[in-house]
Enquirer: 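Can you keep this structure in mind? I'll have questions shortly.
Just so you know, residue 1 is the first one in the sequence shown, and it goes up from there.
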Amino acid sequence: MRAVVQRTNYAYVTSEGKESGRTGPGLMVLLGVSRDDTEADAQYMADKICHLRIFEDEGGKLNRSLLDISGEMLVVSQFTLYGDVRHGRRPGFTEAAAPDQANGLYEQFVALVRQMGIHTETGVFRTEMVVTLANDGPVTILVDSKKTF
């Protein structure tokens, strides 16, 4: 799994013209699932992202996690995170999971985050979405369950 994690003041997503999720201060997570991912990847990503120390403490250091600040999370499925542009000019998506597998692991990730007590909103899987957010910092982190970057 891959994720683009952005620290936000707020975020919301609309799907086919209807708002499907809105959060206050916390994280916006664009989540991609690869064809090789398993439940272990979903567990790793949920734990890693919820415990990332990317919020400032009283001294201004990035030393607090989403759990520490009681923040919220907006999660949007993003198969294009597995776009391969090494050859040609149009991305290939052969490493992205098939829709059924991707949706199952995406839903598992969301459930695991919610089990940690984090208020979590989502986009609508396999729809055209528009994401709006205020990136705080800006702070943007890339996370990969295979630790390739």
Side-chain angles (χ1 to χ4, degrees), residues 1-86 91 93 95-97 101-149:
M1 288 183 146
R2 288 183 178 163
V4 175
V5 179
Q6 296 177 293
R7 189 176 76 183
T8 61
N9 291 322
Y10 66 86
Y12 62 93
V13 60
T14 59
S15 173
E16 300 173 348
K18 295 177 111 178
E19 186 175 297
S20 63
R22 177 179 290 270
T23 58
L27 297 176
M28 168 69 221
V29 177
L30 301 173
L31 186 70
V33 179
S34 85
R35 62 186 182 163
D36 297 327
D37 287 335
T38 67
E39 293 179 3
D41 293 284
Q43 181 67 57
Y44 171 84
M45 294 295 278
D47 186 62
K48 178 63 83 174
I49 292 169
C50 291
H51 289 93
L52 280 176
R53 297 185 322 175
I54 59 174
F55 295 92
E56 294 176 358
D57 63 14
E58 333 44 73
K61 301 253 184 214
L62 297 181
N63 206 25
R64 298 173 73 198
S65 72
L66 186 64
L67 292 162
D68 294 330
I69 68 155
S70 299
E72 300 177 344
M73 185 185 297
L74 177 61
V75 185
V76 172
S77 176
Q78 187 76 41
F79 81 94
T80 59
L81 291 178
Y82 280 96
D84 183 351
V85 297
R86 293 176 291 178
F93 298 102
E95 293 303 311
Q101 176 193 9
N103 190 40
L105 289 171
Y106 166 80
E107 293 292 341
Q108 182 180 9
F109 171 85
V110 170
L112 290 164
V113 170
R114 287 177 174 154
Q115 285 173 13
M116 288 187 228
I118 294 172
H119 175 82
T120 307
E121 298 279 331
T122 66
V124 179
F125 192 80
R126 291 192 81 183
T127 64
E128 286 287 324
M129 292 178 271
V130 175
V131 177
T132 303
L133 63 111
N135 192 326
D136 181 25
V139 173
T140 302
I141 305 291
L142 303 176
V143 182
D144 188 296
S145 63
K146 306 293 191 238
K147 303 172 187 130
T148 58
F149 52 76

Enquirer: Under a 4.5 Å cut-off applied to non-hydrogen side-chain atoms, are Met73 and Thr23 in contact?
Expert: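 Not touching, per the 4.5 Å side-chain cut-off.
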Enquirer: With a 4.0 Å cut-off, would you call Arg7 and Asp136 a salt bridge?
Expert: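 Judged by the 4.0 Å cut-off on N to carboxylate O distance, Arg7 and Asp136 do form a salt bridge.
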Enquirer: Between Phe125 and Ala102, what is the shortest heavy-atom contact and its length?
Expert: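 Looking at all heavy atoms of both residues, the closest pair is CZ-CB, 3.9 Å.
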Enquirer: Of the non-hydrogen atoms in Asp37 and Gly32, which two are nearest, and what is the gap between them?
Expert: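 The answer is OD2-O, 4.3 Å.
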Enquirer: A cation-pi test, strictly: NZ or CZ of Arg22 under 6.0 Å from the centre of the six-membered ring of Tyr12 and no more than 45 degrees from its axis. Yes or no?
Expert: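 Judged by the rule, Arg22 and Tyr12 form a cation-pi pair.
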Enquirer: Can you tell me if Thr148 uses its side chain to pair, donor with acceptor, with the backbone of Lys146 under 3.5 Å?
Expert: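 No, the answer is negative, given that no donor and acceptor are paired below the 3.5 Å cut-off.
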Enquirer: Between Met1 and Leu81, is any pair of side-chain heavy atoms under 4.5 Å apart?
Expert: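 With C-beta onward as the side chain, the pair stays apart.
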Enquirer: Could you walk me through whether Val33 and Phe109 pass the side chain to side chain contact (heavy atoms under 4.5 Å, CB included) test, one step at a time?
Expert: CA-CA 10 Å; Val33 179; Phe109 171 85; over 6 Å; no
Enquirer: Less than 3.5 Å apart, any donor N or O on the side chain of Thr140 or Asn135 sitting next to an acceptor on the other?
Expert: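 Per modelled atom types, Thr140 and Asn135 side chains form a pair under 3.5 Å.
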Enquirer: Report the distance from atom OG of Ser70 to atom NE2 of His119, rounding to the nearest 0.5 Å.
Expert: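 Going from the OG atom of Ser70 to the NE2 atom of His119 covers 12.5 Å.
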Enquirer: Is a donor on one side and an acceptor on the other found under 3.5 Å between the side chain of Glu72 and the backbone of Gly24?
Expert: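 Side chain of Glu72 to backbone of Gly24, a donor-acceptor pair under 3.5 Å: yes, one is there.
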Enquirer: Can you confirm whether Glu121 sits close enough to Glu19 that some side-chain heavy atom of one is under 4.5 Å from a side-chain heavy atom of the other?
Expert: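 With C-beta onward as the side chain, the pair stays apart.
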Enquirer: Does CZ belonging to Arg53 count more than 12 external heavy atoms closer than 6.0 Å?
Expert: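 Counting neighbours around CZ of Arg53, 12 or fewer heavy atoms of other residues, nucleotides or ligands fall under 6.0 Å, so no.
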Enquirer: So, taking the atom named CD1 in Ile54 and the one named CG in Asp68, what distance separates them when rounded to the nearest 0.5 Å?
Expert: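 Between Ile54 CD1 and Asp68 CG, I get 11.5 Å after rounding to 0.5 Å.
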Enquirer: To the closest 0.5 Å, what do you measure between CG (Leu52) and CZ (Arg64)?
Expert: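 Spacing of CG (Leu52) from CZ (Arg64) equals 15.0 Å.
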Enquirer: Which pair of heavy atoms, one from Tyr106 and one from Val76, lies closest together, and at what distance?
Expert: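 Heavy atoms only, the tightest pair is CE1-C, 4.0 Å.
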Enquirer: To the nearest 0.5 Å, tell me how far Ile69 CD1 sits from Asp57 CG.
Expert: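 If I round to the nearest 0.5 Å, the distance is 12.5 Å.
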Enquirer: Do the side chains of His51 and Leu67 get nearer than 4.5 Å, heavy atoms only?
Expert: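 Yes; the side chains approach each other to less than 4.5 Å.
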Enquirer: Out of curiosity, Met28 CE to Leu133 CG, how far, rounded to the nearest 0.5 Å?
Expert: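 So the CE of Met28 and the CG of Leu133 are separated by 6.5 Å.
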Enquirer: Got a sec: does the CD of Glu39 have more than 12 other heavy atoms crowding it under 6.0 Å?
Expert: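 No, the 6.0 Å shell around CD holds no more than 12 heavy atoms from other groups.
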Enquirer: With a 3.5 Å distance limit and no angle check, can you tell me whether Arg114 reaches the backbone of Thr120 through a side-chain donor-acceptor pair?
Expert: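 Side chain of Arg114 to backbone of Thr120: a pair is present.
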Enquirer: Looking at CG of Asp41 and CD of Gln108, how far apart are the two atoms once the value is rounded to the nearest 0.5 Å?
Expert: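 With rounding to 0.5 Å, CG (Asp41) is 9.5 Å from CD (Gln108).
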Enquirer: Taking side chain as C-beta onward, heavy atoms only, is Leu27 less than 4.5 Å from Phe55?
Expert: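 Yes, side chains in contact.
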Enquirer: Take Glu56 and Leu62, measure what side chain to side chain contact (heavy atoms under 4.5 Å, CB included) needs, and give me the verdict at the end.
Expert: CA-CA 4 Å; Glu56 294 176 358; Leu62 297 181; 3.8 Å; yes
Enquirer: So, for Ser20 and Val124, which heavy atoms are closest and what is the spacing to 0.1 Å?
Expert: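 So the minimum-distance heavy-atom pair works out to CB-CG2, 3.7 Å.
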Enquirer: Once side-chain contact (heavy atoms from CB on, under 4.5 Å) is applied, do any residues pair with Gln101, and if so which ones, sequence neighbours excluded?
Expert: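 Arg35, Ala97, Leu105.
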Enquirer: Taking all non-hydrogen atoms of both residues into account, name the closest pair between Val29 and Ala3 and its distance.
Expert: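 Here Val29 and Ala3 meet closest at CG1-CB, 4.0 Å.
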Enquirer: So which heavy atom on Val75 is nearest to which on Leu31, and how close?
Expert: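 Heavy-atom minimum between the residues: CG1-CB, 4.2 Å.
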